[in-house]
**Q** 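One structure, as structure tokens, below. Some questions next.
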Amino acid sequence: MFLTSIEPSLSRRGLSKLRKRLAALTITGMVILLFSFFFIQKTLYDSAIDQARAQMMAVTYHLSAVLAQNSTIDLQRVTDENPDLSVGVLDNERNQINGTIPPHLVDDLFDEIDKQKASRGSLLCMHGNTVMLLAYSILPQFDRIVVTYIPRHILLGNWREAIMLHASLFLIVLLIMAGLSVWLWQRLKRQHLRAADLAEHFNDSENTLSDCGCAILSWSTKDPAGTLTSRLNWPEILGLAFADIKPTAEAFLSQLSDASRAQLRAPLIENRWQDKRIGTMVDLRTSADQMQRFYLMAQHRAEEEAETVTVLLLETAPQQELCHPFETYLHHTPEPSIALDTNGILRGLSPALAELAGKQVYDLIGKPFEALFLPEDREMVRASFMDQASGEFQESELVFRILDQRGENRWLAWHGIGPFEGMTFSSARDVTQFVENANKLRDTLDQLKRTNEDLEQFAYVASHDLQQPLRMVASYTQLLKRRYGGSLDQEADEYIDYAVDGAKRMHKLISHLLEYAKTGSSDDEMTQIDCNQVLNEAQADLKAIIVQEQATITHNDLPVINGDRISLSRLFQNLLSNAIKYRRPGVPPHIDIRVIPDPETAGFWRFSVRDNGIGIHPEHAQRIFRLFQRLHKDEFSGTGLGLSLCRKIAEQHGGRIWLDTSRPITDPGATFIFTLRGTP
């Protein structure tokens, strides 16, 4: 009703114009009807005159033929048979031989004969107030002219009867036309008054709709130009004038954003409608660099062969939600996001994804979503979607590649949720830099691993191969000392002692280096180990030095962990031997071992080994764990590999080791802390 009421053909101005046209049409019809009546009568009149002429000429010719056979004509008998007919015979000198012909008719007759130069003919003459039809036939061989004449009105009697009948019929037609015109006039007058009332009502409604930011458009799908048949408030609600935009469907569609055009391509551009009515949020361009949000409802109506599309636009505020939630989600999310239906068809995407991959991705809306990704990833992408649709999908991020607008690979970590109301949502984070760094780090770690393996293999081989020649050097220097000790001078004996001592220290250093190279290289699986037993084994190996130095070792109940028994025994043994070696003079060594759950890392145990020895200054806290680093080279013997080996064992078990630098200097001794992973 609203749409038909605003059509120009039913407006107040249109109805007034239609009434005027009806009046003009009625008058024109009457004029044409009268003109046709007079034209027909004129034709009938001319036909009657021609027929009368022919009749009179036939009678005259008949009389001339009779006169040619008989020199005399019985004119009385002719006039008795035709009382309205007058007959006369003249000679070429205008003398009347027989009958009576008025002289003025004779003059008119000879003027016609001189003019026409014909042997017979007819003419109209005036006899008083009466028009006479006169016919003549010349007999030159007899010097005679046969003349007949009769009043014209007598010959046109049948024509008058016909004209009266025709006039009656034309009058009836005029009355019918006038009555129909009066009836239509009254109907249009009532419609005019009704349209005036409707116009006043819809003027108010139109103003209200305009204030609410509402516009209505409609066009026919059969019209190639797409000319709008209705365009209420369009494009005024965009702040544009009709001069700024053509009143066509194409002009309206050109104002839509790329995303909105892609979303409405099927119904409004390709005329493919799944439902007769659709509703969605769209973005319309109000200026060169500004878009405005509208709610659009479109309806497709087919009546007989006509197909019409009607579009309603409603301006919305930013907080309004007049569409499917996924459209609002895609419009406002700052991340690359997509929305899929249950069949895996891409139904929408966020502006962030279009900015990343280029506007050509809008062409993929309505197609299988895996087309977004690189061909080699599509099978995995489709499998992930099927897992999510079946409910077997575990919430996690899946990393797949797409091409950006420059044609370069971009790694996106996708997180999907749903389905909700038949839609599945997936948002992504651009992790390209992270993946590239991870790949570089992996390559670096692989290279470091190979380098470490090569170094460990080299250290193992070098230390192992040095054992035999070093053992020979030590053996022969000891033989020299036993055989020639005391036989040479004192300086020679001192040199031999240096050689023997150096060979022993070198042998010890190589043995420790070989042990360091072997640590962590075993492929044996970790087993559950009771640390109490491991500590007892370490004390048993150090029993001689413990008894000799009168050392005491205390500890609380130690836990059960997953580890390598031999490596852990070396760890405890090295820490205990260091604590006994670096004792204070005159003070028996005391070592206390405590363990608590690691407060920083769940599932780990924190061990502390505390002694009362000479201690270590905090500035050497990092140095002491390096290879071959010794703080007391002159006072104590050693290779500098003990704490390095402890660090390697702790790291082998997933933990770490460090020196407790918070211990005050006034409290003599050192405290080493290390962590080990517990049992599951």
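Along the sequence shown, residues carry numbers from 1.
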**Q** Go through the structure and list residues passing side chain to side chain contact (heavy atoms under 4.5 Å, CB included) with Asp557, not counting sequence neighbours.
**A** Asn532
**Q** Enumerate donor-acceptor pairs with a distance under 3.5 Å from any side-chain N or O in residues 543-550 to protein atoms, sequence neighbours excluded.
**A**
from	atom 1	to	atom 2	distance (Å)
Glu549	OE1	Arg583	NE	2.8
Glu549	OE1	Arg583	NH2	3.1
Glu549	OE2	Arg583	NH2	3.1

**Q** Can you sort out the partners of Val431 under side chain to side chain contact (heavy atoms under 4.5 Å, CB included), two or more places apart, ordered by chain and number?
**A** Val399, Trp411, Ala413, Arg429, Phe434, Val435
**Q** Between Arg265 (side chain) and Glu270 (backbone), is there a donor-acceptor pair under 3.5 Å?
**A**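 No.
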**Q** Can you classify the ring geometry of Phe674 versus Phe607 as parallel (below 30°), tilted (30 to 60°) or perpendicular (above 60°)?
**A**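 Parallel: the ring planes of Phe674 and Phe607 meet at under 30°.
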**Q** According to side-chain hydrogen bond (donor to acceptor under 3.5 Å, both in side chains), who are the partners of Arg677, at least two apart in sequence or on a separate chain?
**A** none
**Q** May I ask you to decide if Ala357's main-chain N or O and Asp404's side chain share a donor-acceptor pair within less than 3.5 Å?
**A**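 Not confirmed, Asp404 side chain does not pair with Ala357 backbone.
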**Q** Please list, chain by chain and in numerical order, all residues satisfying salt bridge (Lys or Arg N to Asp or Glu O under 4.0 Å) with Arg410, sequence neighbours excluded.
**A**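 In terms of salt bridge (Lys or Arg N to Asp or Glu O under 4.0 Å), with neighbours along the sequence ignored, Arg410 is linked to Asp430.
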**Q** Distance only, no hydrogens: is a donor on one side chain within 3.5 Å (strictly under) of an acceptor on the other, for Gln292 and Arg285?
**A** no
**Q** Tell me whether Gln405 contacts the main-chain N or O of Glu355 through its side chain, where contact means a donor paired with an acceptor under 3.5 Å.
**A**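 Yes; judged by distance alone, with no hydrogens or angles, the pair exists.
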**Q** Under the side-chain hydrogen bond (donor to acceptor under 3.5 Å, both in side chains) rule, collect the residues that match up with Thr444, sequence neighbours excluded.
**A** none
**Q** Between Phe400, Phe373, Phe369, which is the residue that forms a ring-ring contact (aromatic ring centres under 6.0 Å, His included) with Trp414?
**A**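 Going through Phe400, Phe373, Phe369 one by one, the ring-ring contact (aromatic ring centres under 6.0 Å, His included) with Trp414 is satisfied by Phe373 alone.
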**Q** Report the residues that fulfil salt bridge (Lys or Arg N to Asp or Glu O under 4.0 Å) with Asp541, sequence neighbours left out, ordered by chain and then residue number.
**A** none
**Q** Decide whether Asp598 and Thr675 meet the rule of one side-chain donor and one side-chain acceptor closer than 3.5 Å.
**A**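 No, no side-chain donor-acceptor contact under 3.5 Å.
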**Q** Can you confirm whether more than 12 heavy atoms, excluding those of Ile566, are under 6.0 Å from its CD1 atom?
**A** no
**Q** Ignoring hydrogens and angles, tell me if any N or O in the side chain of Ser577 forms a donor-acceptor pair with the backbone of Asn574 under 3.5 Å.
**A** yes
**Q** Between Thr280 and Gln263, do the side chains contain an N or O donor and an N or O acceptor separated by less than 3.5 Å?
**A**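 Per modelled atom types, Thr280 and Gln263 side chains form a pair under 3.5 Å.
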**Q** For the pair Asn343 (side chain) and Ile345 (backbone), establish whether a donor and an acceptor sit closer than 3.5 Å, ignoring hydrogens and angles.
**A** no
**Q** Could you pull out the closest heavy-atom pair between Gly366 and Arg347, with the gap in Å?
**A**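 Closest heavy-atom pair between Gly366 and Arg347: CA-NH1, 4.1 Å.
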**Q** Among residues two or more places apart or on two chains, list those pairs meeting ring pair (Phe, Tyr, Trp, His ring centres under 6.0 Å) that have a residue in residues 532-560.
**A** none
**Q** With sequence neighbours left out, write down each residue that passes side chain to side chain contact (heavy atoms under 4.5 Å, CB included) with Glu651, or none if nothing qualifies.
**A** Arg647
**Q** Quick one: list whatever passes ring-ring contact (aromatic ring centres under 6.0 Å, His included) with Phe294, sequence neighbours left out.
**A** none
**Q** Restricting to side chain to side chain contact (heavy atoms under 4.5 Å, CB included), what partner residues turn up for Pro618, sequence neighbours left out?
**A** Thr661
**Q** Hey, could you give me each pair passing salt bridge (charged side-chain N to carboxylate O under 4.0 Å, His left out) that has a residue in residues 438-448? Not counting sequence neighbours.
**A** none
